[in-house]
Amino acid sequence: AQTVTQSQPEMSVQEAETVTLSCTYDTSENNYYLFWYKQPPSRQMILVIRQEAYKQQNATENRFSVNFQKAAKSFSLKISDSQLGDTAMYFCAFNMGGSNYKLTFGKGTLLTVNP
Amino acid sequence: GAVVSQHPSWVICKSGTSVKIECRSLDFQATTMFWYRQFPKQSLMLMATSNEGSKATYEQGVEKDKFLINHASLTLSTLTVTSAHPEDSSFYICSAPRGGVGWDEQFFGPGTRLTVL
């Protein structure tokens, strides 16, 4: 079974600064997909960024980028130029792809951006 | 992006009654939908996979007779909490993947807050 571990229950950052959220996972599969989801106080889950395991290039989406280290099974999220609206729970998630859409989530990291 | 709705957004019921929660994909068809439960400050816990035209697949430890799932059409899945008790109070979220590729983005509903008195 796949597991996803987020070792930082809470983090804080000053507005405009950069913060990195950690995620490690465990799987015996070679092909899979990794995601970061954001859950703001409204509790609506929002996809932040995704990465295909077979792609070596790290995914980027505007201020969000990942550091994907397949051998180390690590998938960290970097948020640059943090904004107040980035305050949210961030969940790292994994799925095996193919016809299996099932997501396995980490426990989450509560990020607070301070003015 | 695609939209998934849930109804109701919140519900309060008395212990022993049943509550139905609807999940609809508004602008795409979803042969598969997922139901999650989330306690305060915790992660999403997958309860079951809802499959259009067939029985739902429940995760280990989830009571099938208590959490009834019906995927009546390609745009609607319902979760019925039967004989609800205070311990069933939680935030319930559904999601639906769009498209036939495994990693396609999953779209989440806004959630339903259930309070059982």
Side-chain angles (χ1 to χ4, degrees), chain A residues 1-10 21 23 25 27 29-55 59 61 68 75 88-112, chain B residues 1-6 9-10 23 25 28-52 54 56-62 71 77 90-114:
Chain A
Q2 289 74 31
T3 59
V4 178
T5 302
Q6 293 179 250
S7 59
Q8 305 151 314
E10 295 188 30
L21 280 58
C23 173
Y25 58 94
T27 182
E29 301 294 326
N30 190 45
N31 293 321
Y32 48 86
Y33 304 92
L34 295 162
F35 308 83
W36 279 98
Y37 281 90
K38 166 185 177 180
Q39 188 180 41
S42 68
R43 303 192 78 170
Q44 173 70 59
M45 294 286 286
I46 302 166
L47 177 66
V48 175
I49 198 165
R50 57 191 174 194
Q51 175 82 40
E52 300 156 322
Y54 62 86
K55 287 188 177 179
E61 287 287 343
F68 174 49
F75 183 61
M89 280 288 287
Y90 286 82
F91 294 101
C92 180
F94 169 105
N95 93 7
M96 289 170 49
S99 60
N100 185 351
Y101 301 100
K102 189 184 297 188
L103 286 168
T104 300
F105 286 94
K107 290 188 175 182
T109 297
L110 177 60
L111 176 67
T112 302
Chain B
V3 178
V4 173
S5 70
Q6 278 184 245
S9 56
W10 59 271
C23 177
S25 55
F28 66 100
Q29 293 182 332
T31 56
T32 300
M33 291 183 175
F34 297 95
W35 287 96
Y36 299 86
R37 186 173 181 176
Q38 186 180 32
F39 291 106
K41 297 187 178 181
Q42 292 189 22
S43 188
L44 281 70
M45 182 190 77
L46 179 65
M47 299 176 65
T49 303
S50 175
N51 303 299
E52 190 271 335
S54 64
T57 304
Y58 290 82
E59 296 299 302
Q60 190 173 8
V62 177
H71 200 135
S77 175
S90 189
F91 193 68
Y92 293 87
I93 304 173
C94 70
S95 74
R98 181 181 59 183
V101 179
W103 83 315
D104 265 14
E105 180 176 352
Q106 283 205 31
F107 296 90
F108 287 80
T112 296
R113 183 179 302 280
L114 170 62

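Throughout, a chain's letter reflects where its sequence line sits, starting with A, and its residues are numbered from 1.
To the nearest 0.5 Å, the span separating CE on M45(A) from CZ on F107(B) amounts to 13.0 Å. To the nearest 0.5 Å, the span separating CD on Q42(B) from CZ on F105(A) amounts to 14.5 Å. Here the OH-OG distance, from Y37(A) to S43(B), works out to 12.0 Å after rounding to the nearest 0.5 Å. To the nearest 0.5 Å, the span separating CZ on R43(A) from OG1 on T112(B) amounts to 11.0 Å. Here the straight-line distance linking atom CG of N95(A) with atom CD of Q106(B) works out to 7.0 Å at 0.5 Å rounding.
Ionic pairing of E59(B) and K102(A) is present here: one or more N-O contacts between side-chain nitrogen and carboxylate oxygen are shorter than 4.0 angstrom.
Counting heavy-atom pairs closer than 4.5 Å to chain B, the top-ranked of the candidates I46(A), L47(A), L110(A) is L47(A).
With a 4.5 Å cut-off on non-hydrogen atoms, Q39(A) touches chain B through its side chain but not through its backbone.
Legend: residues meeting ring pair (Phe, Tyr, Trp, His ring centres under 6.0 Å) with Y32(A), ordered by chain and number and at least two apart, are Y25(A), F94(A). With sequence neighbours excluded, no residue satisfies salt bridge (Lys or Arg N to Asp or Glu O under 4.0 Å) with E61(A).
The shortest side-chain heavy-atom distance between L103(A) and Y36(B) falls under the 4.5 Å cut-off.
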